[in-house]
Amino acid sequence: MLDAEDVRRIALSFPATVEKELWNHPTFHVAGRMFVTVPDDGTSFAVRCPRHERAELIAAEPGKFWVPPHEAHSSWVRARLAALDDEAELHDILLDSWRQAAPADLADTFPPPAS
């Protein structure tokens, strides 16, 4: 089963990512912009998600994604680690959030093209 250490390992594998502790839990940043945090007990994580996409995402997979009331007006969504299919899905979710936060010149070059 996936856990907070998997989130940490994958997040830190992306270029220019740094970990900072905020609100007493780990957060991950690229170019000074946060793209993932592991709140509370480490059973979930929060990532960037455009608000116009969030409702559809939650409606499609309510057992996997949700938004706590205090984050309702943000552009973030939470995901339950136990509900993810596998590490590849976790990687894709984190990469999408990283791309939203990373400067365009960095996001456009990662991952490098397959040879």
Side-chain angles (χ1 to χ4, degrees):
M1 182 160 84
L2 297 167
D3 62 22
E5 286 305 312
D6 294 309
V7 174
R8 173 178 280 113
R9 179 178 45 77
I10 293 170
L12 290 173
S13 75
F14 302 143
T17 296
V18 296
E19 181 177 352
K20 298 178 184 180
E21 186 170 320
L22 295 173
W23 311 292
N24 295 317
H25 53 263
T27 64
F28 300 87
H29 303 248
V30 58
R33 298 183 69 199
M34 187 168 54
F35 70 94
V36 64
T37 182
V38 183
D40 310 317
D41 63 2
T43 62
S44 68
F45 60 98
V47 290
R48 291 174 172 268
C49 181
R51 276 193 262 174
H52 66 276
E53 295 176 13
R54 191 171 66 180
E56 186 176 319
L57 181 67
I58 293 168
E61 298 187 86
K64 189 178 291 187
F65 299 103
W66 89 102
V67 176
H70 70 278
E71 294 174 4
H73 299 291
S74 72
S75 293
W76 289 76
V77 66
R78 291 205 190 182
R80 293 172 180 88
L81 283 161
L84 298 181
D85 295 334
D86 53 26
E87 189 172 308
E89 183 179 24
L90 174 59
H91 180 275
D92 290 348
I93 293 168
L94 295 177
L95 180 58
D96 183 62
S97 186
W98 179 88
R99 285 185 184 284
Q100 291 177 57
D105 61 334
L106 181 59
D108 290 345
T109 62
F110 186 80
S115 12

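Starting from 1, each residue takes its place in the sequence as its number. Keep in mind the model is a prediction, meaning the values are calculated, not measured.
- Residues Trp76 and Arg54 approach most closely at O-NH1, 2.8 Å, considering heavy atoms.
- When all heavy atoms of Val30 and Pro15 are compared, the pair lying nearest together is CG2-O, 3.8 Å.
- The backbone N or O of Pro26 lies less than 3.5 Å from a partner atom in the side chain of Thr37, making a donor-acceptor pair.
- Ion pairing between Arg99 and Asp96 fails under the 4.0 Å rule for side-chain N and carboxylate O.
- With rounding to the nearest 0.5 angstrom, the CG atom of Leu81 is 7.5 Å from the CG atom of Asp6.
- The hydrophobic cluster containing Leu106 does not contain Val18, counting ILVMFWY residues as joined when their side-chain heavy atoms lie under 4.5 angstrom apart, directly or transitively.
- Under a hydrophobic clustering in which Ile, Leu, Val, Met, Phe, Trp and Tyr are joined whenever their side-chain heavy atoms come within less than 4.5 Å, directly or via other members, Leu12 and Phe110 fall into the same cluster.
- Considering only heavy atoms from C-beta on, Ser75 stays 4.5 Å or farther from Arg48 through its side chain.
- Residues His29 and Thr27 come closest through the heavy atom pair NE2-OG1, 2.8 Å.
- His91 NE2 to Leu2 CG: the interatomic distance, rounded to the nearest 0.5 Å, is 13.0 Å.
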Atom pairs and distances, side-chain donor-acceptor, residues 55-64, under 3.5 Å, sequence neighbours left out:
from	atom 1	to	atom 2	distance (Å)
Glu61	OE1	Lys64	NZ	2.9
Lys64	NZ	Glu89	OE1	3.2
Lys64	NZ	Glu89	OE2	2.7

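- Looking at residues two or more places apart in sequence or on another chain, you find a side-chain contact (heavy atoms from CB on, under 4.5 Å) between Glu5 and Asp3, Arg8.
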